Asks: 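Let me give you the structure first, and then I'll get to my questions.
Letters go in sequence order (proteins before strands), and every chain restarts at 1. Here the structure is a predicted model, which is why all the values come from computation and not from measurement.
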There are 2 protein chains.
Amino acid sequence: MSSEELAAWGQTTAAQVRKDLSHFGSFGKRGLGYQAGELRESLRTLLGIDRSWKVALVGAGRIGLALYEYPAFRSRGYDCVAIFDSDPSKIGTAWGDQSICALEVFEEVIKERDVELVILAIPADSAQEVASRAVEAGVNGILNFAPIRLNVPPEVPVEDVNLVIELEALSFQITQRT
Amino acid sequence: MSSEELAAWGQTTAAQVRKDLSHFGSFGKRGLGYQAGELRESLRTLLGIDRSWKVALVGAGRIGLALYEYPAFRSRGYDCVAIFDSDPSKIGTAWGDQSICALEVFEEVIKERDVELVILAIPADSAQEVASRAVEAGVNGILNFAPIRLNVPPEVPVEDVNLVIELEALSFQITQRT
DNA sequence: ACATCATTGTGATAACCTGCACATAGTAAG
DNA sequence: CTTACTATGTGCAGGTTATCACAATGATGT
């Protein structure tokens, strides 16, 4: 597969593909291109997605449920090993093979099950507190659906997903289109 | 409110805030700062979010449900005026005040209800087809949850949301952290 | 063995973005 | 009215990112 082909796939240019890859090493053969399977594996290793990750889900609401049942997570190596919620009526009930835990036992469960990533699917007003507790408990990264900017130490990466902003980005582009 | 304060809020620098705003006009008063409410309204107009937008949801699965019930959408002016699904057992049933429509009547309903934005919460294999039909029916923008790059004319903006990639971005950063 | 061809990896170049620093202008007080 | 003060808007400089263009290199065929 040539950088040209890869570029078409990724909506970019051939030069961009080659430059980007060159920052991490030399993956292609001159005159031939890249061997797709080999490149794929190299990149998987490079990105740290050549193994499975233990994930905890905080918030057993509708968004939490959608994420928990999202097949792509498991198939890409993200294993949900714990679910938390603050609602007493949900605690103890089970989704699939996971029983929903109370936030009171958060640290305990996180450590016991070696959770590395936490998905926050809870309202904005409790997100900061849970995030801080997660960091304290040794979590390595946070995927945040709450519409606030979390304050965490720089060594713990946070990825924010804000669906309203995505819609607003569309609105903006449409408005600009004159 | 000074650019300094705004910068702290948005995790950036005062100079950046001023430069960015200056691209769209002059909103502040020298020696005083910005008047928050006024600035807010100016930006809302600029971004095209000073009005409500009519949205159709395609895919009445768990992700679709989570989005449909997401209160922030309605409160920010995004009105879901139609829901579509291909599953015959869902068609005709209702979520809240919306009855789920068949994809057969897609174009008809889109035009009749003046839908401007479409949210695609369906599997990758049918996303391109629905996207093309949406563009053809006159939709102005697409929020795409399917993990494929949609092929649509450049005047129709597409925002992609890929939750697996968000998790992978975390994995990468953690791996790099050495 | 040699020539031809295709495509990489990369130095040079251009475009873009961020941050600094200050002239400018509006406010307030004497 | 004049002076002192504050915070904007912006030209400039530095750094980062994208694009170009080509020498280097391996494959293929004669």
Side-chain angles (χ1 to χ4, degrees), chain A residues 1-48 149-152 154-155 157-160 162 165-166 168-170 172-173 175-178, chain B residues 1-48 149-151 154-155 157-160 162 165-166 168-173 175-178:
Chain A
M1 207 176 204
S2 68
S3 56
E4 202 77 49
E5 277 179 273
L6 290 168
W9 239 94
Q11 313 245 258
T12 176
T13 65
Q16 189 68 65
V17 168
R18 295 201 300 275
K19 241 298 139 65
D20 288 355
L21 291 177
S22 79
H23 284 109
F24 294 105
S26 178
F27 302 102
K29 279 204 169 52
R30 302 191 181 205
L32 254 192
Y34 301 86
Q35 216 233 298
E38 202 177 271
L39 176 60
R40 182 195 146 95
E41 284 319 303
S42 301
L43 289 180
R44 282 173 57 84
T45 304
L46 216 95
L47 293 172
R149 213 169 275 265
L150 296 176
N151 205 303
V152 295
E155 68 270 18
V158 174
E159 289 287 323
D160 288 296
N162 188 322
I165 287 182
E166 300 287 338
E168 290 178 345
L170 280 180
F172 172 59
Q173 290 175 70
T175 305
Q176 288 309 98
R177 232 193 28 198
T178 41
Chain B
M1 205 176 208
S2 68
S3 55
E4 203 75 51
E5 277 180 272
L6 290 168
W9 239 93
Q11 314 244 254
T12 176
T13 65
Q16 189 70 62
V17 169
R18 296 201 300 277
K19 241 302 140 64
D20 287 355
L21 291 178
S22 79
H23 284 109
F24 294 105
S26 179
F27 301 101
K29 278 202 169 54
R30 301 191 181 206
L32 253 192
Y34 301 87
Q35 216 233 295
E38 203 177 89
L39 176 61
R40 182 194 146 96
E41 285 318 306
S42 301
L43 290 180
R44 282 173 57 82
T45 305
L46 216 94
L47 293 172
R149 211 168 274 266
L150 297 176
N151 205 303
E155 67 270 19
V158 174
E159 289 287 323
D160 288 296
N162 189 322
I165 288 181
E166 301 288 337
E168 290 178 346
L170 281 180
S171 299
F172 172 59
Q173 290 174 71
T175 305
Q176 288 308 99
R177 231 190 31 197
T178 38

Asks: Report the nucleotide, chosen from dA7(D), dT18(C), dT19(D), that has the shortest atom-to-atom distance to any side-chain atom of Gln16(B).
Replies: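 Taking heavy atoms from C-beta onward, the closest nucleotide is dT18(C).
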Asks: Do Thr12(B) and Val17(B) come close enough that some side-chain heavy atom pair is under 4.5 Å?
Replies: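 Yes, close enough: below the 4.5 Å cut-off.
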Asks: Going by modelled atom types, is there a donor-acceptor pair between the base of dG9(C) and the side chain of Lys19(A) at under 3.5 Å?
Replies: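 Flag unset: no donor-acceptor pair detected.
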Asks: Is Tyr34(A) near enough to dG9(C) that one of its side-chain N or O atoms lies under 4.0 angstrom from OP1 or OP2?
Replies: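 Yes, because at least one side-chain N or O of Tyr34(A) sits under 4.0 Å from OP1 or OP2 of dG9(C).
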Asks: Kindly point out which of dC20(D), dG9(D), dC22(D) is positioned nearest to the side chain of Ala15(A)?
Replies: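 Looking only at side-chain atoms, Ala15(A) lies closest to dC20(D).
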Asks: Tell me whether the side-chain N/O atoms of Ser3(B) come closer than 4.0 Å to OP1 or OP2 in dT8(D).
Replies: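 Looking at the OP1 and OP2 atoms of dT8(D), one of them is under 4.0 Å from a side-chain N or O of Ser3(B).
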Asks: Rounded to the nearest angstrom, tell me the gap between atom CZ in Phe27(A) and atom C1' in dT10(C).
Replies: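 My rounded result for the distance is 15 Å.
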Asks: Check this for me: Arg40(A), atom CZ, are more than 12 non-hydrogen atoms of other residues, nucleotides or ligands nearer than 6.0 Å?
Replies: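 At most 12 heavy atoms, drawn from other residues, nucleotides or ligands, come within 6.0 Å of this atom.
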Asks: In whole angstrom, what separates Glu4(A)'s CD from dG9(C)'s P?
Replies: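 From Glu4(A) CD to dG9(C) P: 15 Å.
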Asks: Which whole-number value in Å describes the distance from Asp20(A) CG to dA18(D) C1'?
Replies: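 Whole-Å distance recorded here is 9 Å.
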Asks: Measure from NE2 on His23(B) to C1' on dG19(C) and round the result to the nearest Å.
Replies: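 In whole Å, dG19(C) C1' lies 13 Å from His23(B) NE2.
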Asks: Both Arg30(A) and Arg18(A) contact DNA chain D. Which one's nearest nucleotide lies toward the 5' end?
Replies: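 Result of the comparison: Arg18(A).
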Asks: Could you tell me whether Thr12(B) contacts a base, only the sugar-phosphate backbone, or nothing, with contacts defined as non-hydrogen atoms closer than 4.0 Å?
Replies: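 The residue Thr12(B) makes no contact with any strand.
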Asks: Let's go through Arg177(A) and Gln173(A) carefully: what are the C-alpha distance in whole Å and the side-chain angles of both, what is the deciding distance for side-chain contact (heavy atoms from CB on, under 4.5 Å) to 0.1 Å, and is it a yes or a no?
Replies: CA-CA 6 Å; Arg177(A) 232 193 28 198; Gln173(A) 290 175 70; over 6 Å; no
Asks: Over how many whole Å does the gap from Leu32(A) atom CG to dG9(C) atom C1' extend?
Replies: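 Distance check: Leu32(A) CG to dG9(C) C1' gives 15 Å.
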Asks: In whole angstroms, how far is the P atom of dT7(C) from the CG atom of Leu39(A)?
Replies: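 My rounded result for the distance is 16 Å.
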Asks: For the side chain of Ser26(B), counting heavy atoms from C-beta on, which of dT18(C), dT8(C), dG9(D) is nearest?
Replies: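 The answer is dG9(D), which lies nearest to the side chain.
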Asks: Under the side-chain contact (heavy atoms from CB on, under 4.5 Å) criterion, do Leu39(B) and Leu21(B) qualify, and how do the steps go?
Replies: CA-CA 10 Å; Leu39(B) 176 61; Leu21(B) 291 178; 4.2 Å; yes
Asks: Rounded off to whole Å, could you give me the CD-to-P distance for the Gln35(B) and dA7(D) pair?
Replies: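 So the two atoms are 16 Å apart, to the nearest Å.
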Asks: The side chain of Lys29(A) lies closest to which of these nucleotides: dA27(D), dC20(C), dG9(C)?
Replies: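 Within the option list, the nearest is dA27(D).
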Asks: To the nearest Å, how far apart are Met1(A) CE and dT8(C) P?
Replies: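 Whole-Å distance recorded here is 11 Å.
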Asks: Respond yes when some side-chain nitrogen or oxygen of Thr13(A) is under 4.0 Å from OP1 or OP2 of dT19(D), and no when none is.
Replies: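 For dT19(D), OP1/OP2 do have a side-chain N/O of Thr13(A) under 4.0 Å.
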Asks: Do the non-hydrogen side-chain atoms of Leu6(B) and Met1(B) ever get within less than 4.5 Å of each other?
Replies: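 A side-chain contact under 4.5 Å exists here.
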